[in-house]
Amino acid sequence: MNVLVLNCGSSSLKFAVIDPDTSLERVSGIAQRLGSAEATLDVKRNGNRSSEPLPGARHEVALRAIVSLLGEMGLLERLLGVGHRVVHGGSTFSGSMEITPEVIAKIEECIALGPLHNPPNLVGIKIAHELFPGMLQVGVFDTAFHQTMPPVAYTYPVPLEWREDLHVRRYGFHGTSHRFVARAALTLAGLPAGDHAIVTAHLGNGCSCTAVRNGKSVDTTMGLTPLEGVMMGTRSGSVDPAIIGHVSQALSKPPGEILDMLNKRSGLLGVSGLSNDMRTVEEAAANGHERARLALELFCYVLAKAIAALVVPLGRLDALAFTGGIGENSSTVRAKTVQHLGFLGLELDEEANKVHGRGTAGQITKKTRPQALVVATNEELMIASDTAEIARRNGHAAR
Ligand code: ADP
């Protein structure tokens, strides 16, 4: 039994075929630079990678190419459904949902909140409906896990009309990853399912941290949009909002352009002046590049402050779980961050910290309570599992 997982972005389409029962990934890949002459379909199967040019292809052509590949591999047989990553589910979705015309209408209503992400997500849903008529389609929302946050965590202290009429509140993102990682950390740390306090730190190109109390998100760093919170690859994270007015006036540029720079030209890239890639920043910092050093220090300092703040809603800390490309691979970022948090009782085990990385999950501190851990995230598996769960609940069989 297989589930096709799709993550449709503005110029890319990530896919994976996963057996949710065995967690086995049969094939995965990404169609990228869609709409340009350089578009490609990159595929990973049985540990081997290949790439084919798809010049000028848009999402539909790319998905047709993916479906024909799956057909050749015999993976369209016993397909249970298609699971779609959907970024913004607003306050409407608190869990994964079978996609019906009503659900599509609600995702469309959330476009105002996720103008960059929801439209391409909807394109993926529409094309999948055309290519797999009658097959189960499931939407898995980045925001859903955070719908358990209490009002003190999701309310911004802003005028009532903004909150009521414009739905201005904290939504939070990366929910599928935080949910997966909190569960894995619970097992790894041997914590009781009904009584635990975990902070998950998802550090990829986008970065966010979440406080998880007994399996539920109680607070998170990202907000109305993924711009808020800790420092990221190209996003600033939280800054004084008055900076927008100040810079807009000083440069005679519209506020939207300044916001774009906070999203695309800030973070590691803005501070280092070199790159949004942590590997490049770390290497340059090690070679004495001053701005890269500041970028690395600032990243870990801001991250540690955010993690410490998330202990407030938890009341205590049992485990801190690092995940995502940086969290899983950068022993330097983990070491610096844990060292800032010594006052919480975290004590780095330098050897263990060096050993653990992508693929090898485990503890990186000396004491077991509280402990810091590395956990490899797997959002695709979570989407496949949710799709299988909904198939069982709603009586859909594989075809
Ligand atoms: P995305 O958020 O797009 O899924 P990833 O989770 O793959 O991205 O994370 C990308 C980030 O991980 C980049 O900043 C990259 O530099 C960082 N990264 C990957 N490998 C390493 C490594 N060995 N050391 C430090 N950073 C790494």
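Order of appearance sets the numbers: ligands from 1, and atoms from 1 within every ligand. Because only heavy atoms are used, hydrogens play no part in the values below, and waters and symmetry mates are left out as well, while side chains stay in.
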>> Under 4.0 Å from a heavy atom of S330: which atoms of ligand 1 are those, numbered in the order shown and with their elements?
In response: 25 (C)
> Who's closest to atom 16 (O) of ligand 1 heavy-atom-wise, of T377, N276, D277, T234?
Replying inline: D277
>> Are any of the N/O atoms on G204, whether in the backbone or the side chain, positioned under 3.5 angstrom from an N/O atom of ligand 1?
In response: no
>> Any salt bridge linking K106 with E109? Criterion: basic side-chain nitrogen under 4.0 Å from a carboxylate oxygen.
In response: no
> Taking N or O atoms only and a 3.5 Å limit, does N205 qualify as a polar contact for ligand 1?
Replying inline: yes
> Between M278 and ligand 1, does any nitrogen or oxygen pair lie at a separation below 3.5 Å?
Replying inline: yes
> Under 6.0 Å from the CZ atom of R49, do we count more than 12 heavy atoms belonging to anything else shown?
Replying inline: no
>> Quick check on E283: does its CD atom have over 12 non-hydrogen neighbours (other residues, nucleotides or ligands) under 6.0 Å away?
In response: no
> Backbone or side chain, does any N or O of G325 fall under 3.5 Å from an N or O of ligand 1?
Replying inline: yes
> Which word best sums up how the rings of Y171 and H88 line up, parallel for under 30°, tilted for 30 to 60°, or perpendicular for over 60°?
Replying inline: perpendicular
> Between the side chains of H174 and T210, is a donor N or O closer than 3.5 angstrom to an acceptor N or O?
Replying inline: no
